[in-house]
Amino acid sequence: MNVDLESLAEATSGAIGSLISTTILYPLDTCKTKYQADARSHGRTRYRNLTDVLLEAISNGQVLSLYQGLGTKNLQSFISQFVYFYGYSYFKRLYLDKSGYKSIGTKANLVIAAAAGACTAIATQPLDTASSRMQTSAFGKSKGLLKTLTEGTWSDAFDGLSISLLLTSNPAIQYTVFDQLKQRALKNKQSKAEKGSSPESLSAFMAFLLGAISKSIATCLTYPAIRCKVIIQAADSDEANSKNKIKSQKTVSSVLYGIWKREGIVGYFKGLEAQILKTVLSSALLLMIKEKISATTWVLILALKRYLLLPAKRVKNL
């Protein structure tokens with residue numbers, strides 16, 4: 001069976017980059033998730049801002065609990081990035097081989113990205129749900145992965161799947177905005193350049209800046225769905241009396257209505273600043289690490305392939 005080594009190298013470097021960036025930013029991610037899951041009750045909210053979550057952990061002597069669920073999150077992050085990068089690279093190469101084109105257009109790229117994102121969401125949804133429940137549990141009271149997943153029914157492990165599939169539009173929006181901003185930036189640079197000069201390209205800083213802007217715009221447009229997903233996947237409150245009542249409140253329609261009723265339209269964007277900060281930092285770290293290790297990963301995979309093929313050649317020669 002032939003293995004697409006280029007896709008494998010791309011997926012491996014992306015997964016490792018995601019693993020490292022997730023670990024570095026995990027305390028911020030925990031604070032963000034708990035803040036997003038905090039719904040107004042009796043006219044009050046538990047956290048006024050992101051700092052309140054951090055102060056609660058410090059005052060209770062549970063600073064290490066900011067890392068609760070890190071193992072599950074890393075596992076989910078590694079698998080999701082591997083599946084996404086491998087799927088995206090594989091679908092892209094398959095499209096180019098079948099179509100005969102030398103490059104891929106914007107529309108085809110968006111479809112391929114969405115398809116890779118959908119495969120990723122389905123494959124990793126139980127881990128995504130479990131990590132959200134762990135993060136939103138009371139500090140020091142997080143349960144293990146197996147216990148978290150087996151608390152409810154099998155369908156409970158896929159809470160928020162429909163929204164996860166909807167959120168595959170996030171990278172599609174990001175890419176479209178980035179492509180438009182890139183074309184305008186290059187057009188302005190080319191108009192100032194002399195005729196006959198080499199084609200202009202974005203600097204590293206400009207590429208990072210446009211990437212951050214495009215990701216922020218995509219996050220703003222899809223944020224109500226992001227917060228709705230967090231609330232659906234959040235751990236049940238210790239103060240709740242009825243499990244049936246909680247479950248009925250965690251349907252998409254009832255969560256959206258609950259946010260509107262208790263917090264108004266502003267509630268759909270609660271925690272947006274923290275989401276943008278975490279997302280931009282995570283994307284920047286992931287891409288930076290991925291680029292740094294991609295060459296090394298490719299060399300290691302080629303070396304591994306050569307090592308595995310050597311015994312087969314020796315047997316054939318005999």
Side-chain angles (χ1 to χ4, degrees), residues 4 6-26 28-30 32-33 36 67-92 109-136 145-146 148-149 154 156-175 211 215 218-219 222-223 225-230 232-234 275 278-291 293-294 297:
D4 189 344
E6 186 174 341
S7 297
L8 184 61
E10 187 80 3
T12 303
S13 59
I16 294 174
S18 176
L19 189 69
I20 298 174
S21 65
T22 297
T23 302
I24 294 174
L25 298 174
Y26 195 74
L28 173 62
D29 190 36
T30 298
K32 172 195 70 68
T33 304
Q36 289 173 328
Y67 289 91
Q68 61 189 24
L70 175 61
T72 301
K73 190 70 172 182
N74 272 337
L75 179 61
Q76 183 258 335
S77 181
F78 184 89
I79 294 176
S80 65
Q81 290 300 322
F82 186 91
V83 173
Y84 180 81
F85 278 108
Y86 186 87
Y88 178 79
S89 180
Y90 177 79
F91 291 149
K92 183 178 179 180
N109 204 352
L110 293 178
V111 173
I112 291 173
C119 293
T120 302
I122 295 172
T124 62
Q125 189 62 35
L127 292 174
D128 186 30
T129 301
S131 65
S132 293
R133 289 177 184 171
M134 291 177 179
Q135 285 183 308
T136 53
L145 173 59
L146 185 60
T148 301
L149 287 176
W154 177 245
D156 291 341
F158 287 88
D159 278 346
L161 177 59
S162 59
I163 298 182
S164 294
L165 293 174
L166 175 64
L167 287 173
T168 57
S169 62
N170 186 289
I173 296 172
Q174 177 192 4
Y175 178 83
K215 189 63 178 179
T219 301
T222 59
Y223 189 74
I226 293 174
R227 192 185 177 209
C228 183
K229 177 187 172 185
V230 171
I232 288 175
Q233 294 180 330
Q275 181 73 32
K278 186 264 174 183
T279 301
V280 170
L281 288 177
S282 179
S283 298
L285 277 173
L286 189 155
L287 293 174
M288 181 184 70
I289 296 169
K290 176 178 174 294
E291 289 301 317
I293 66 175
S294 58
T297 304

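Residue numbers count from 1 along this sequence.
- Heavy-atom minimum distance, Ile163 versus Ala225: CG2-O, 3.3 Å.
- For Tyr67, the ring pair (Phe, Tyr, Trp, His ring centres under 6.0 Å) test picks out no residue, with sequence neighbours left out.
- Checked against salt bridge (Lys or Arg N to Asp or Glu O under 4.0 Å), Lys92 has no partners two or more places apart in sequence or in another chain.
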Candidate pair Thr33 and Thr30, rule side-chain contact (heavy atoms from CB on, under 4.5 Å), full reasoning = CA-CA 5 Å; Thr33 304; Thr30 298; 5.9 Å; no
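- Contacts of Leu25 classified as side chain to side chain contact (heavy atoms under 4.5 Å, CB included), with partners at least two apart in sequence or in another chain: Leu281, Ser282, Leu285.
- Across all their heavy atoms, Gln275 and Lys32 have their closest contact at OE1-NZ, 3.2 Å.
- Legend: residues meeting side chain to side chain contact (heavy atoms under 4.5 Å, CB included) with Leu127, ordered by chain and number and at least two apart, are Thr72, Leu75, Gln76, Ile79, Leu145.
- Considering all non-hydrogen atoms of both residues, Thr136 and Ala234 come closest at OG1-CA, 3.4 Å.
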Apply side-chain contact (heavy atoms from CB on, under 4.5 Å) to the pair Phe158 and Thr129, showing each step before the final yes or no.
-> CA-CA 7 Å; Phe158 287 88; Thr129 301; 6.0 Å; no
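- Sorted by first then second residue, the salt bridge (Lys or Arg N to Asp or Glu O under 4.0 Å) pairs that include residues 119-130, not counting sequence neighbours, are Asp128-Lys229.
- Atoms OG1 and NZ, on Thr22 and Lys73 in that order, are 7.0 Å from each other to the nearest 0.5 Å.
- Scanning for side chain to side chain contact (heavy atoms under 4.5 Å, CB included) contacts around Thr23 gives Leu70, Asn74, with sequence neighbours left out.
- Considering only residues two or more places apart in sequence or on other chains, Lys215 meets the salt bridge (Lys or Arg N to Asp or Glu O under 4.0 Å) condition with none of them.
- The salt bridge (Lys or Arg N to Asp or Glu O under 4.0 Å) analysis of residues 111-120, with sequence neighbours excluded, yields no pairs.
- Checked by atom type and distance alone, the side chain of Gln233 never pairs as donor or acceptor with a backbone atom of Arg133 at under 3.5 Å.
- Scored by the side chain to side chain donor-acceptor pair (under 3.5 Å) test, Ser21 finds no partners at all (sequence neighbours excluded).
- Residues in residues 12-22 take part in no salt bridge (Lys or Arg N to Asp or Glu O under 4.0 Å) pair, two or more places apart or across chains.
- A donor-acceptor distance shorter than 3.5 angstrom exists from the side chain of Thr168 to the backbone of Leu165, with no hydrogens or angles considered.
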List the atom pairs, donor and acceptor, that lie under 3.5 Å between side-chain atoms in residues 117-124 and the rest of the protein, sequence neighbours left out.
residue, atom, partner, partner atom, Å
Thr120, OG1, Tyr84, N, 3.4
Thr120, OG1, Ala116, O, 2.8
Thr124, OG1, Thr120, O, 2.8

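- Judged as a salt bridge (Lys or Arg N to Asp or Glu O under 4.0 Å), not a single pair has a partner in residues 117-126 (not counting sequence neighbours).
- You'll find the side chain of Ile173 stays beyond 4.5 Å of the side chain of Asn170, heavy atoms only.
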